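These notes are about the structure you will find just below.
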There are 2 protein chains.
Amino acid sequence: MSRAATTTDVFNAIAESRRRDILSLLAGQERPVGDIVDMLGMEQPSVSKHLRVLRDVDLVRVRREGRQMLYRTNAEAIRPLHEWAGGFKQYWRHQLQRIKERAEEKGPPFPKEK
Amino acid sequence: MSRAATTTDVFNAIAESRRRDILSLLAGQERPVGDIVDMLGMEQPSVSKHLRVLRDVDLVRVRREGRQMLYRTNAEAIRPLHEWAGGFKQYWRHQLQRIKERAEEKGPPFPKEK
DNA sequence: TAGACATATTCCCATATCGGAATCTATTAT
DNA sequence: ATAATAGATTCCGATATGGGAATATGTCTA
């Protein structure tokens with residue numbers, strides 16, 4: 001087997017830094033492809049290709065307006081990623097703070113035993 | 001150019017699901033390679049190779065104990081990822097809650113204008 | 001010293017990239 | 001209808017992958 005397709009899931013899609021750049025640019029702000037090209041200094045075909053990947057995993061949504069295609073980030077799709085990473089919080093927090101959290105939360109997000 | 005190496009950064013390293021499985025398994029719990037092999041049902045060489053990638057981006061730390069290699073997740077390395085994703089919070093929260101946050105926070109994490 | 005045991009590395013290969021160049025499609029303007 | 005504009009897609013080539021199989025390395029034991 002080879003590496004999983006970039007369109008497999010959000011994790012694979014955001015591995016590319018230019019795609020993360022695009023997501024940040026389109027967060028809360030709808031924009032046509034041309035703007036992305038200008039703002040990020042990339043080739044138009046390249047941007048279109050990245051947008052295609054992001055669209056396939058629903059990280060961005062599109063809407064046509066005349067001859068322009070208006071893209072915007074679908075932040076909801078980033079949430080699972082945030083939550084996955086958040087599961088490790090208890091392991092990076094300081095010991096003291098961790099203890100406090102133990103008391104507040106029910107249990108650890110990952111199994112600790114076999 | 002081709003796809004960036006999996007060892008380029010944390011984003012590329014965690015794109016592979018088996019590697020995420022390994023990270024969860026080793027979170028807060030040091031374990032030898034053999035345990036990972038047994039618990040995740042993977043081939044030993046495969047596990048070693050994934051661990052090598054995770055090690056290269058400092059997502060796991062190792063320590064030798066006799067003939068065993070004890071690995072554990074370095075949660076700190078996952079933090080940047082959590083923070084990057086967290087930057088989109090304001091865009092996925094409900095409008096009402098978002099307004100409340102606007103008042104508490106200074107500003108948005110991403111530029112909204114050109 | 002010769003195993004045995006736990007891991008790591010190398011080799012092979014089918015696959016999926018990403019950028020660049022060229023081309024195609026859709027919509028608007030003349 | 002024809003041209004112009006905005007994007008999308010296709011074709012190319014160099015590269016990195018991940019699994020499987022085989023082999024190598026390092027440590028402990030008899």
Side-chain angles (χ1 to χ4, degrees), chain A residues 1-23 25-26 30-73 114, chain B residues 1-23 25-26 30-73 114:
Chain A
M1 201 181 292
S2 78
R3 199 166 173 181
T6 52
T7 53
T8 300
D9 54 36
V10 175
F11 290 93
N12 279 278
I14 65 153
E16 178 71 22
S17 70
R18 308 323 297 272
R19 280 198 284 270
R20 293 197 299 279
D21 293 341
I22 292 175
L23 286 176
L25 203 58
L26 302 177
E30 193 179 46
R31 292 185 199 278
V33 177
D35 280 18
I36 306 174
V37 170
D38 295 341
M39 298 172 78
L40 298 184
M42 305 168 63
E43 295 294 323
Q44 177 267 310
S46 184
V47 170
S48 280
K49 279 183 261 184
H50 283 310
L51 286 170
R52 167 45 102 184
V53 172
L54 294 174
R55 194 137 83 83
D56 284 351
V57 296
D58 200 36
L59 271 167
V60 298
R61 299 274 173 77
V62 217
R63 159 171 99 78
R64 163 158 252 141
E65 176 134 339
R67 41 185 135 177
Q68 299 196 132
M69 294 296 264
L70 299 176
Y71 285 85
R72 69 184 170 75
T73 295
K114 187 219 189 134
Chain B
M1 199 181 293
S2 78
R3 198 166 175 181
T6 52
T7 53
T8 300
D9 53 36
V10 175
F11 290 93
N12 279 278
I14 65 153
E16 179 71 22
S17 70
R18 309 322 299 270
R19 281 197 287 267
R20 293 197 299 278
D21 294 341
I22 292 174
L23 286 176
L25 203 59
L26 302 177
E30 193 179 47
R31 293 184 198 280
V33 178
D35 280 16
I36 307 175
V37 170
D38 295 342
M39 297 172 79
L40 298 184
M42 306 169 63
E43 295 293 325
Q44 177 267 310
S46 184
V47 170
S48 280
K49 278 183 262 184
H50 283 310
L51 285 170
R52 167 46 101 185
V53 172
L54 293 174
R55 194 138 83 83
D56 284 351
V57 295
D58 200 35
L59 271 167
V60 299
R61 299 274 173 77
V62 216
R63 161 172 98 77
R64 163 158 253 142
E65 174 133 339
R67 40 186 135 176
Q68 299 195 132
M69 293 296 265
L70 300 176
Y71 285 86
R72 69 184 170 75
T73 294
K114 197 265 181 75

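In this text the structure is predicted, and so the values were computed from the model without any measurement. Numbered from 1 within each chain, the chains take letters A, B, ... in sequence-line order.
The two residues A:S48 and A:V33 have their closest heavy-atom pair at OG-CG1, 4.3 Å.
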List the steps, then state whether side-chain contact (heavy atoms from CB on, under 4.5 Å) holds for B:D21 with B:R18. CA-CA 5 Å; B:D21 294 341; B:R18 309 322 299 270; 3.4 Å; yes
Going through the checks in order, is the side-chain contact (heavy atoms from CB on, under 4.5 Å) test met by B:L23 and B:V60? CA-CA 8 Å; B:L23 286 176; B:V60 299; 3.8 Å; yes
Could you go through the side-chain contact (heavy atoms from CB on, under 4.5 Å) check for B:R31 and B:L25 one step at a time? CA-CA 8 Å; B:R31 293 184 198 280; B:L25 203 59; 3.9 Å; yes
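Computed from coordinates, the B:R18 CZ to D:dG20 P distance equals 10 Å when rounded to whole Å. Separating the CD atom of B:Q68 from the C1' atom of D:dT25 is a distance of 16 Å, rounded to the nearest angstrom.
Taking 4.0 angstrom as the limit, B:Y71 places a side-chain polar atom (N or O) nearer than this to OP1 or OP2 of C:dA8.
Side chain of A:R20 to backbone of A:A15: a donor-acceptor contact under 3.5 angstrom is found.
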Can you give me the N/O atom pairs linking the protein to nucleotides 14-17 of chain C at distances under 3.5 Å, or say none if there are none?
| from | atom 1 | to | atom 2 | distance (Å) |
| --- | --- | --- | --- | --- |
| C:dT15 | O2 | A:S2 | OG | 3.3 |
| C:dT17 | OP1 | A:T6 | N | 2.4 |
| C:dT17 | OP1 | A:T6 | OG1 | 2.9 |

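A donor N or O paired with an acceptor N or O is found under 3.5 Å between the base of C:dA8 and the side-chain atoms of B:Q44.
Taking a 4.0 Å limit (strictly below) on heavy-atom distances, residues 45-59 of chain B reaches DNA chain C at B:P45, B:S48, B:K49, B:R52.
Nearest to the side-chain atoms of A:R64 among the listed nucleotides D:dG26, C:dA26, C:dA6 stands C:dA26. Among D:dT27, D:dG7, D:dA6, the nucleotide with an atom closest to any side-chain atom of A:M69 is D:dG7.
A side-chain contact (heavy atoms from CB on, under 4.5 Å) with B:T7 is found for one member of B:L54, B:V53, B:N12 and no other, namely B:V53.
Contact annotation: the side chain of A:H50 never approaches that of A:I36 to less than 4.5 Å [non-hydrogen atoms, C-beta and beyond].
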